[in-house]
Amino acid sequence: MSDSQILDGVRAGDRKSFAKLLSICEDDSVRANHLISNLEKRTAHVIGITGSPGVGKSSIINAILDKSADKKIGVIAIDPSSPFTGGSLLGDRIRMQSHATSKNFFIRSFASHGALGGLSPSIFETCDAFETFKVDAVFIETVGVGQSDVEIANVADTVVVLISPDGGDEVQMMKAGLMEIADFFVINKADNPISKGLLSKLRNILEMGKKDIPIFLTNSITGEGIENLTKALDKRFSSILESGLLARKRQKRVTSHAQSILRKKIDDILQTVKTDQLDLEEIQKEVMKKICSNL
């Protein structure tokens, strides 16, 4: 499929053309950015869903989709890559299979490829691509690796941190990391008797830190609390749009995107440097020389 065919297809709302654009985002960021620059974008609410593995991130997104039949929504599910083969199971879509054929939802799994922060290296291009497809919201499900998942704050407009009652002292462990980036907290599996005690513990921690962050009790299986969560997400998007906070967040995202591109270029250059034959200072000089020659 040629670039002009992809552009025409995406403009027409063709899902096959858009799927091709997402594949290009993952395989060729330079080509992807060129294509995206030739497409009109509509601002979508980019929502990061993060938390520990097994907390129910996919299930929560699936429950939100159940309540969002009137919206056009994109889902980016990040799955961990094997450190040995580089492969990924891409299993998060299985939990959202009931929505896979919906014309209003587009669910796509991406491998993390070892990227830090629980995201995919192509996350910035992918978010931009979804906005060219004129979606109302984009949900990003992170890998779920605990405190290192904070990179999502540089991408998402709103960060939802999920906590499970089964996590024991999870709140104490996470407060130095995810606690700092949360816009909403969601205690999933609300039918668990421990959830009420966890709610009190979390409120106390937030009060001590003088933070006013909304907390929701949900059950992704029964749908309990999901409608309240979706309404709160919609209300926040309107608020940050009107206050100018969204514009500031998007500018921060542009900076993070630029940093991501530069890091990748440096990584690519390092692959060409014979680091086993040089000391640290020599490696730095060699990398800088190659960077300057590529300007």
Side-chain angles (χ1 to χ4, degrees), residues 45-68 75 77-78 92 95 116-119 137 139-240 243 245-246 249:
H45 189 189
V46 180
I47 303 163
I49 306 291
T50 190
S52 300
V55 75
K57 296 185 291 294
S58 297
S59 300
I60 281 288
I61 294 174
N62 189 65
I64 291 173
L65 295 181
D66 287 339
K67 303 286 185 181
S68 306
V75 178
I78 312 295
D92 282 325
R95 299 178 186 88
L116 297 176
L119 298 174
F139 285 88
I140 304 172
E141 178 191 347
T142 71
V143 168
V145 289
Q147 289 180 212
S148 67
D149 259 9
V150 295
E151 186 67 24
I152 187 64
N154 294 325
V155 182
D157 305 319
T158 299
V159 177
V160 179
V161 175
L162 265 64
I163 307 171
S164 169
D166 300 326
D169 292 328
E170 183 175 358
V171 174
Q172 295 293 341
M173 291 187 293
M174 65 174 278
K175 64 181 180 180
L178 297 181
M179 186 72 72
E180 302 302 317
I181 64 167
D183 297 301
F184 293 137
F185 282 107
V186 172
I187 299 175
N188 198 23
K189 306 175 184 177
D191 55 325
N192 189 316
I194 303 173
S195 61
K196 297 292 193 300
L198 183 59
L199 175 63
S200 298
K201 183 187 293 186
L202 182 54
R203 279 178 175 163
N204 289 335
I205 291 173
L206 291 175
E207 286 177 8
M208 286 189 290
K210 298 182 179 179
K211 294 180 178 290
D212 185 19
I213 302 174
I215 308 171
F216 297 86
L217 283 171
T218 63
N219 187 318
S220 56
I221 297 175
T222 65
E224 177 188 346
I226 299 298
E227 190 168 348
N228 288 337
L229 176 60
T230 56
K231 286 180 179 178
L233 287 169
D234 290 343
K235 185 177 179 181
R236 172 175 163 80
F237 185 54
S238 297
S239 174
I240 63 176
S243 67
L245 178 58
L246 181 64
K249 280 180 168 287

My understanding is that only one of I47, V160, V159 makes a side chain to side chain contact (heavy atoms under 4.5 Å, CB included) with I152; could you say which? V159
Checking T218 against N188: is there a side-chain donor and acceptor pair closer than 3.5 Å? yes
Just how far is it from atom CG of L246 to atom CD1 of I240, taken to the nearest 0.5 Å? 4.5 Å
Test side chain to side chain contact (heavy atoms under 4.5 Å, CB included) on I226 and N219 and set out the steps. CA-CA 7 Å; I226 299 298; N219 187 318; over 6 Å; no
Report the distance from atom CZ of F184 to atom CD1 of I49, rounding to the nearest 0.5 Å. 10.0 Å
So the salt bridge (Lys or Arg N to Asp or Glu O under 4.0 Å) pairs with at least one residue in residues 212-223 (sequence neighbours excluded) are none
Would you compute the distance between atom OG1 of T142 and atom CD of E151 and round it to the nearest 0.5 angstrom? 11.5 Å
Main-chain N/O of S52 paired with K57 side-chain donor or acceptor, under 3.5 Å: yes
List the steps, then state whether side chain to side chain contact (heavy atoms under 4.5 Å, CB included) holds for D66 with N62. CA-CA 6 Å; D66 287 339; N62 189 65; 4.1 Å; yes
Could you walk me through whether L206 and I215 pass the side chain to side chain contact (heavy atoms under 4.5 Å, CB included) check? CA-CA 10 Å; L206 291 175; I215 308 171; 3.8 Å; yes
Would you say I213 has more than 12 foreign heavy atoms packed within less than 6.0 Å of its CD1? yes
N154 side, atom CG; K249 side, atom NZ - distance, nearest 0.5 Å: 9.0 Å
K231 and E227: CA distance, side-chain angles, deciding distance, salt bridge (charged side-chain N to carboxylate O under 4.0 Å, His left out) verdict: CA-CA 6 Å; K231 286 180 179 178; E227 190 168 348; 3.6 Å; yes
